[in-house]
There are 2 protein chains.
Amino acid sequence: MHGISLDRYDLAILSVLQKNSALTNSELGERVSLSPSQCSRRKARLEAEGVIKGYSARLDASRLGFGLRAITRVNLKAHGESMDDDFVTLLTKHAMVREAYSVSGDADYVLHVIAKDLTEFSDFIHHHLLPHPNVTQVRSEIILRSMKEEQGLPVSGG
Amino acid sequence: MHGISLDRYDLAILSVLQKNSALTNSELGERVSLSPSQCSRRKARLEAEGVIKGYSARLDASRLGFGLRAITRVNLKAHGESMDDDFVTLLTKHAMVREAYSVSGDADYVLHVIAKDLTEFSDFIHHHLLPHPNVTQVRSEIILRSMKEEQGLPVSGG
DNA sequence: CAAATAGCGCACAGCTTGTGCGCAACTGGA
DNA sequence: TCCAGTTGCGCACAAGCTGTGCGCTATTTG
């Protein structure tokens with residue numbers, strides 16, 4: 001969390017790699033004006049320091065049959081630590097829940113849910129979320145169109 | 001969007017690669033019970049077909065100084081195509097807006113906003129979002145804790 | 001001002017990738 | 001039933017990539 005300082009080369013490398021991590025060290029080196037060997041060393045260091053958490057393939061959701069996405073806000077009844085635990089288990093268990101955040105505001109939890117279609121989504125809400133003893137309210141916004149979906153973080157180095 | 005059929009090997013490869021795309025074809029082959037050469041070929045095909053959209057490094061947000069995240073819902077005044085365009089430009093322009101969706105429900109847009117701290121977030125809301133002529137209402141939930149943050153999609157092959 | 005340190009590119013050994021090839025297992029038509 | 005065509009497999013190998021030892025330079029430190 002601290003003791004790590006990133007220079008402009010590190011930031012440039014991070015910026016490039018979060019857009020395309022399949023580049024060779026030569027290609028990466030061209031983009032950030034560094035030799036392949038230094039790119040290799042810096043990459044290894046950033047991984048060891050935990051700044052780079054890992055590498056992922058980005059998949060096309062619609063080609064894999066996920067046509068429906070929604071932002072769902074959930075309110076809970078009680079707020080004891082152990083009370084929430086059971087609800088969190090529910091979220092963790094279901095692959096349809098892609099993201100789950102506990103939030104401060106009108107709602108207690110905000111979820112990003114993905115489903116094959118409206119039927120599957122509705123089934124999840126009515127058969128899994130609403131029947132949970134702690135859930136008092138569920139409000140959803142169905143995603144119509146994605147205007148922006150950045151893969152990474154705004155790294156200033158490039 | 002159609003004409004693509006994925007067998008169990010493809011699904012297994014996708015499932016593994018979205019968790020860790022830095023694996024060699026040998027390592028990938030061990031996990032999905034296939035030779036390195038076939039992994040290479042299938043990977044290339046999945047890329048060409050667009051099922052794999054690309055490869056990214058996952059970065060640690062907090063180590064890069066992004067301590068605050070929020071889900072922000074926005075309501076607009078008018079709903080002509082060209083009216084929205086101006087607002088969408090605003091979203092696209094700001095690196096703080098990581099995700100932006102037009103939605104059906106109580107709100108018109110849902111944003112995933114990232115900021116250094118509460119001050120920077122507040123500045124964005126009050127100096128950029130609210131002053132926009134089309135914006136009528138802005139409601140935010142500050143993310144306290146992330147319970148789940150899946151990188152990819154629920155691929156059944158693994 | 002000298003010693004220590006940090007960071008660079010070069011070179012090279014070892015590993016990885018992607019393709020040609022031959023083989024086996026399915027598919028479909030006569 | 002049988003056989004030609006097709007598909008998908010692993011092996012082998014050439015080309016290319018990765019990561020480390022090394023010597024060098026620039027900056028920091030006492």
Side-chain angles (χ1 to χ4, degrees), chain A residues 1-60 63-65 151-153 155-158, chain B residues 1-60 63-65 151-153 155-158:
Chain A
M1 213 70 140
H2 53 85
I4 294 170
S5 69
L6 304 170
D7 66 14
R8 67 196 177 87
Y9 289 116
D10 289 326
L11 293 173
I13 287 170
L14 293 174
S15 174
V16 171
L17 284 183
Q18 78 174 339
K19 289 191 198 89
N20 182 5
S21 66
L23 294 172
T24 65
N25 285 324
S26 301
E27 294 166 322
L28 180 57
E30 278 175 33
R31 282 170 177 70
V32 305
S33 307
L34 218 51
S35 68
S37 60
Q38 281 310 99
C39 288
S40 174
R41 273 187 267 251
R42 279 172 181 268
K43 235 174 110 173
R45 179 168 54 74
L46 292 166
E47 288 164 13
E49 286 172 347
V51 180
I52 295 175
K53 292 196 289 185
Y55 300 93
S56 307
R58 297 191 305 274
L59 308 184
D60 187 321
R63 292 196 194 213
L64 289 166
Q151 327 300 348
L153 302 163
V155 178
S156 40
Chain B
M1 209 69 139
H2 53 85
I4 294 170
S5 69
L6 305 170
D7 65 14
R8 68 195 176 89
Y9 289 116
D10 289 326
L11 293 172
I13 287 169
L14 293 174
S15 174
V16 171
L17 285 182
Q18 78 174 341
K19 288 190 199 91
N20 183 3
S21 67
L23 294 172
T24 65
N25 285 323
S26 301
E27 293 165 323
L28 180 58
E30 280 175 31
R31 284 169 177 69
V32 305
S33 306
L34 217 50
S35 69
S37 61
Q38 280 310 99
C39 287
S40 174
R41 274 188 265 251
R42 279 172 180 267
K43 234 174 109 172
R45 179 169 54 75
L46 292 166
E47 288 164 13
E49 287 173 346
V51 180
I52 294 175
K53 292 196 288 186
Y55 301 92
S56 308
R58 297 190 305 272
L59 307 184
D60 188 320
R63 291 195 195 211
L64 289 166
Q151 325 300 348
L153 301 163
V155 178
S156 41

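Lettering of chains follows the sequences in order, A, B, ..., and the numbering in each one begins at 1.
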Q: In whole angstroms, how far is the C1' atom of D:dG8 from the CD1 atom of B:Ile13?
A: 13 Å
Q: How many angstroms lie between atom CG of A:Leu34 and atom OG of A:Ser40, to the nearest 0.5 angstrom?
A: 11.0 Å
Q: A:Asp7 CG to D:dT28 P: how many Å, rounded?
A: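 Taking atom P of D:dT28 as the reference, CG of A:Asp7 is at 13 Å.
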Q: Distances for protein N/O vs nucleotides 21-25 of chain D N/O pairs under 3.5 angstrom?
A:
from   : atom 1 : to      : atom 2 : distance (Å)
D:dG21 : O6     : A:Arg41 : NH2    : 3.2

Q: Please report the distance, rounded to the nearest Å, between CZ in B:Arg45 and P in D:dT7.
A: 12 Å
Q: In whole angstrom, give the distance that lies between atom CD of B:Glu30 and atom C1' of D:dG10.
A: 15 Å
Q: Would you kindly give the CZ-to-C1' distance between B:Arg8 and D:dC9, to the nearest whole Å?
A: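 In whole Å, D:dC9 C1' lies 13 Å from B:Arg8 CZ.
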Q: If we only count heavy atoms from C-beta on, is the B:Lys43 to B:Leu28 side-chain gap below 4.5 Å?
A: yes
Q: Does A:Gln38 have a side-chain nitrogen or oxygen under 4.0 Å from the phosphate oxygens OP1 or OP2 of C:dG9?
A: no
Q: Which pair of heavy atoms, one from A:Ser15 and one from A:Lys19, lies closest together, and at what distance?
A: OG-NZ, 3.3 Å
Q: At a cut-off of 3.5 Å, list every protein nitrogen or oxygen paired with a nitrogen or oxygen from nucleotides 15-17 of chain C, distance to 0.1 Å.
A:
from   : atom 1 : to      : atom 2 : distance (Å)
C:dT17 : OP2    : B:Asn25 : N      : 2.8

Q: CZ/A:Arg31 to SG/A:Cys39 distance, rounded to the nearest 0.5 angstrom?
A: 11.0 Å
Q: Are any of the side-chain heavy atoms of A:Leu6 and A:Val155 separated by less than 4.5 Å?
A: no
Q: Answer yes or no: is there a donor N or O on one side and an acceptor on the other, between the side chain of A:Glu27 and the main chain of A:Thr24, under 3.5 Å?
A: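 Indeed, once roles are kept as given, a pair shorter than 3.5 Å links the two residues.
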Q: Can you check whether A:Arg42 has a side-chain N or O nearer than 4.0 Å to OP1 or OP2 of C:dG7?
A: no
Q: Does any non-hydrogen side-chain atom of A:Asp7 lie less than 4.5 Å from one of A:Arg42?
A: yes
Q: About how many Å separate CG of B:Leu46 and CG of A:Asp60, when rounded to the nearest 0.5 Å?
A: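 Here the interatomic distance stands at 11.5 Å.
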